[in-house]
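Just below is one structure, and these are the notes that go with it.
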There are 2 protein chains.
Amino acid sequence: MTIKPAKTMTLSDIARLAGVSESTASRALRDNPVINAQTRQKVQQIAADHQFKVNATARSLRTQKSHTIAVIILFDAKTQQAITDPFLLDILGVIADELTRQGYDMLLSTSKTTDKDWRSYYFDSKRADGLIVIGQGEHDERVEQLSDAGVPFVVWGAATGTERFPVIGSDNRQGAQLAVTHLLAQGCKRIAFLGDIRHTEIEMRYLGYQDALQAAGIKPEAKLQLNTDFTAQAGYLQTQQALFNELATLDGIFAASDAIAMGAMKALLEHNIKVPQQLALVGFDDIAMSAYCTPSLTTVKQDTHAGGKLLVAQLLSRINGGKAASQLLPVKLIERQSSLRKH
Amino acid sequence: MTIKPAKTMTLSDIARLAGVSESTASRALRDNPVINAQTRQKVQQIAADHQFKVNATARSLRTQKSHTIAVIILFDAKTQQAITDPFLLDILGVIADELTRQGYDMLLSTSKTTDKDWRSYYFDSKRADGLIVIGQGEHDERVEQLSDAGVPFVVWGAATGTERFPVIGSDNRQGAQLAVTHLLAQGCKRIAFLGDIRHTEIEMRYLGYQDALQAAGIKPEAKLQLNTDFTAQAGYLQTQQALFNELATLDGIFAASDAIAMGAMKALLEHNIKVPQQLALVGFDDIAMSAYCTPSLTTVKQDTHAGGKLLVAQLLSRINGGKAASQLLPVKLIERQSSLRKH
DNA sequence: AAGCGTATTGCAATCGATTGCAATATAGCC
DNA sequence: GGCTATATTGCAATCGATTGCAATACGCTT
């Protein structure tokens, strides 16, 4: 039943079949009202009958628009591994859906492999009309360069207010403050911070951590900040280490991501440390699994849905000649078992 | 310091600057040995100096190759949500890396939004040279149609041996058999199966489950197969339900994915059912989190690395005129705490 | 009946790179 | 010195669609 076109049809084939010129056929297919309604109808019918699809490449060349956005996921240079954090998947899904809704295709790239120069690769070569960069990582110079080169792009990360390019991201500082204030309210006195502050977003969370402590009259101890990669494994190892060290007096942990928190929880439970009674734990992200570990994980929920939509909206606005502005998204503390000592 | 090109350079600009014709410039840039070595050098130098990048669109139009692969992630029609399963992220990452290594770009699409007709959209329109479809889902007709239309594509899913298209996937049946045999060896007598057998891959796992039971002389009970979506939430709810029902005599659960298993574990622990003593639990996938929940999750590890590489290799072979064959990847049982009753 | 406005369609250039084939130059050979 | 083989380079067509502008036809006004 399926029509198997012997060879791909081109616009000129359709034009010939319809008995009109290529220009008329082109306009008819785009429903240009300047073309007689009946002609339009006829051309569209013929195109549909033959499963004709406009050649996207030719169109792009002529119109100078690819209708494609490149999404670049940055990594740690050291953790040379593939995309791992569940949080990424969340926001990626939202971006994908939103781009599709807006009629754009999404070119996905992991910086690991494309570490050359994505401005040239994606933009100068006209592969994409704009870029979405996820994760500023450790102050990536390449991002800075983009802004100089007049490339339309937006970043998911930490808006510090000083960048020369639009950054959309959660209010990390506020989120961390909520989390740590909550821990303090639960009676914690000595709280460790697990996360790599060389990442701007994590740095912000660390600042929020300090804010909360200071507001409670507690002086942050530098040695309670433990650099930890974004993996459960790193959280596990780091926590084991911490317990082994003199940090045995800890009664709270704020982890910079849920994955880290889960690793930490594993280490705690293995050492028979009761969570939350002996040590309360809070994560960040609110990935799907957080509600289903035991004890379930208190965490700071990022609004990935709003974030993804905003990234796309700002970028397209920029592409269409408008401005794109940085924006800080509100976060929310989700209280679960890992930190709740009272009812 | 950054050179900001006033306007994008084209090949003809470079040719003019180098004092050669466009054809010579083109050949020189591609390092065609027919061009004098010095001329090549000179042209390449000039191109580099001006940060010239070949316009990918024009090249694609002329060469009739996009050097792009579309990756399509299928969903449940009902769970209309964005990509959720961590397993997907794993394999997606591998595919992304591998495609980049082979000089291909990756166009990502979630079927939710592109449910129209991806053959036309991606292939007929020349947006992509080939397709990778992840997750056959519930016998998707669209996949069948692809094979009729002569589109180069490969599928990640369950190779049943009867499809007319190449399918790469884990040996789901074997994996399930390993898992359930293991549960039986741990002394389980009545094992539930959590998973939606309308998905071909899950159906295979269910068959493996039955195989193992029968090999042990146990007659599978149909009511122990509980349809469950690929989420922790579904696993949680389904398990609660099962415990509430007459299934209280269960002493083992084989979940069709780790996410489901984690949801199930949560429900069990909430009901104070000791895992693995009272009830042993095994999942499938071996996502990163499986090792870090408590008790850690016994599971069947899929070789996503090999899978991703194979998908790409087979597809490119097919695109280059060769054949692409289905392949079944071996899996491995990873024994962890959730099922180990003996030492 | 001439003049003019409107609706519809087609011509031909254009987007930027690639490539078959022809043209030219140079060298080597007898 | 004439001739052929080889090394380089350029001409011009091509990929498929879009679009500014010109062309045509038709109807209506006065």
Side-chain angles (χ1 to χ4, degrees), chain A residues 5 7-44 46-47 50-68 120-129, chain B residues 5 7-44 46-47 50-68 120-129:
Chain A
K7 200 182 155 292
T8 322
M9 291 245 140
T10 73
L11 182 62
S12 91
D13 295 326
I14 300 300
R16 182 161 9 85
L17 290 170
V20 298
S21 71
E22 283 188 47
S23 32
T24 300
S26 173
R27 292 189 177 103
L29 287 174
R30 327 187 96 218
D31 233 1
N32 186 329
V34 88
I35 299 295
N36 181 295
Q38 287 169 38
T39 313
R40 261 184 284 164
Q41 242 295 306
K42 183 174 169 195
V43 174
Q44 288 172 10
I46 291 179
H50 293 77
Q51 304 193 241
F52 167 77
K53 286 289 155 185
V54 171
N55 180 317
T57 308
R59 168 181 285 172
S60 292
L61 177 58
R62 176 60 229 241
T63 62
Q64 302 284 29
K65 287 200 189 341
S66 66
H67 268 269
T68 298
S120 318
Y121 189 77
Y122 289 109
F123 190 72
D124 294 349
S125 77
K126 296 290 197 318
R127 266 172 252 261
D129 296 338
Chain B
K7 201 181 154 292
T8 322
M9 292 244 138
T10 72
L11 182 63
S12 90
D13 294 327
I14 299 300
R16 182 161 10 86
L17 289 170
V20 298
S21 72
E22 283 188 47
S23 32
T24 300
S26 173
R27 292 187 177 105
L29 287 175
R30 326 187 96 217
D31 233 359
N32 187 328
V34 88
I35 298 297
N36 180 296
Q38 287 169 37
T39 313
R40 260 185 283 165
Q41 242 294 307
K42 183 175 170 194
V43 173
Q44 287 172 10
I46 291 179
H50 293 78
Q51 305 193 242
F52 168 77
K53 287 289 154 183
V54 171
N55 181 316
T57 309
R59 167 181 286 171
S60 292
L61 176 59
R62 175 61 228 244
T63 62
Q64 302 284 27
K65 288 201 189 341
S66 67
H67 268 270
T68 298
S120 319
Y121 188 77
Y122 289 108
F123 190 73
D124 293 350
S125 77
K126 298 287 199 311
R127 265 173 253 260
D129 296 337

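The sequence lines fix the lettering, A, B, ..., with proteins before strands; numbering per chain opens at 1. Predicted, not measured: the structure shown is a model, and the values here were computed from it. For the numbers below, each heavy atom of this structure counts, side chains included, while hydrogens, waters and symmetry mates do not.
- We find that CG of A:Leu29 is positioned 13 Å from C1' of D:dG16, with the value rounded to whole Å.
- Judged by closest nucleotide on DNA chain C, A:Pro33 is the one of A:Pro33 and B:Thr24 placed further toward the 5' end.
- Regarding contacts with the backbone of D:dT18, a side-chain N or O of A:Arg59 is found under 4.0 angstrom from either OP1 or OP2.
- The CD1 atom of B:Ile14 sits 18 Å away from the C1' atom of D:dG10 (whole-angstrom rounding).
- Residue A:Ser26 places at least one side-chain N or O closer than 4.0 Å to OP1 or OP2 of D:dT18.
- Taking every heavy atom of residues 16-23 of chain A and every atom of DNA chain C, pairs under 4.0 Å involve A:Val20, A:Ser21, A:Ser23, by number.
- Across the interface with DNA chain D, nearest-nucleotide mapping of B:Ile35 and A:Val54 shows B:Ile35 to be the residue nearer the 5′ end.
- The separation between A:Gln38 atom CD and C:dA7 atom P is 16 Å, rounded to whole Å.
- Taking atom CG on A:Leu61 and atom P on C:dT14, their separation rounds to 14 Å, with Å as the unit.
- Taking 4.5 Å as the limit, some side-chain heavy atom of A:Ser26 sits within range of a side-chain heavy atom of A:Leu11.
- Across all strands, B:Arg27 comes closer than 4.0 Å to base atoms (heavy-atom distances).
- Put simply, NZ on A:Lys53 and CG on A:Leu29 are 10.0 Å apart, with the number rounded to the nearest 0.5 Å.
- Here B:Thr57 lies out of heavy-atom contact (under 4.0 Å) with every strand.
- Phosphate contact (OP1/OP2 of D:dT18, side-chain N/O of A:Gln64, threshold under 4.0 Å): absent.
- Of the side-chain N and O atoms in B:Ser60, none sit less than 4.0 angstrom from OP1 or OP2 of C:dA17.
- Counting only heavy atoms from C-beta outward, the side chains of A:Val43 and A:Ile14 approach each other to under 4.5 Å.
- When rounded to the nearest whole Å, the span between NZ of A:Lys65 and C1' of D:dA17 equals 15 Å.
- The line from CG of A:Leu17 to NE2 of A:His50 is 5.0 Å long, rounded to the nearest 0.5 Å.
- Rounded to whole Å, atom P of C:dA17 lies 12 Å from atom CG of A:Asp124.
- When only modelled atom types and interatomic distance are considered, A:Gln44 and A:Asp31 share a side-chain donor-acceptor pair under 3.5 Å.
- At a threshold of 4.5 Å between non-hydrogen side-chain atoms, the residues B:Ser66 and B:Lys126 do not count as touching.
- Heavy-atom distances to DNA chain C give each of A:Ala37 and A:Lys126 a nearest nucleotide, and the one nearer the 5′ end belongs to A:Ala37.
- Using a 4.0 Å cut-off, no side-chain N or O of A:Asn55 falls inside it from OP1 or OP2 of D:dA17.
- Proximity of A:Arg30 to the phosphate of D:dT19: a side-chain N or O atom is located under 4.0 Å from OP1 or OP2.
- One atom, CG of B:Asp13, and another, P of C:dC15, lie 11 Å apart when rounded to the nearest Å.
- Rounded to whole Å, atom P of D:dA7 lies 13 Å from atom CZ of B:Arg40.
- A:Tyr121 has its side chain within reach of A:Arg127: a pair of non-hydrogen atoms, C-beta onward, lies under 4.5 Å apart.
- For the residue pair A:Ser21 / A:Thr24, a side-chain donor-acceptor distance below 3.5 Å is found, with atom types taken as modelled.
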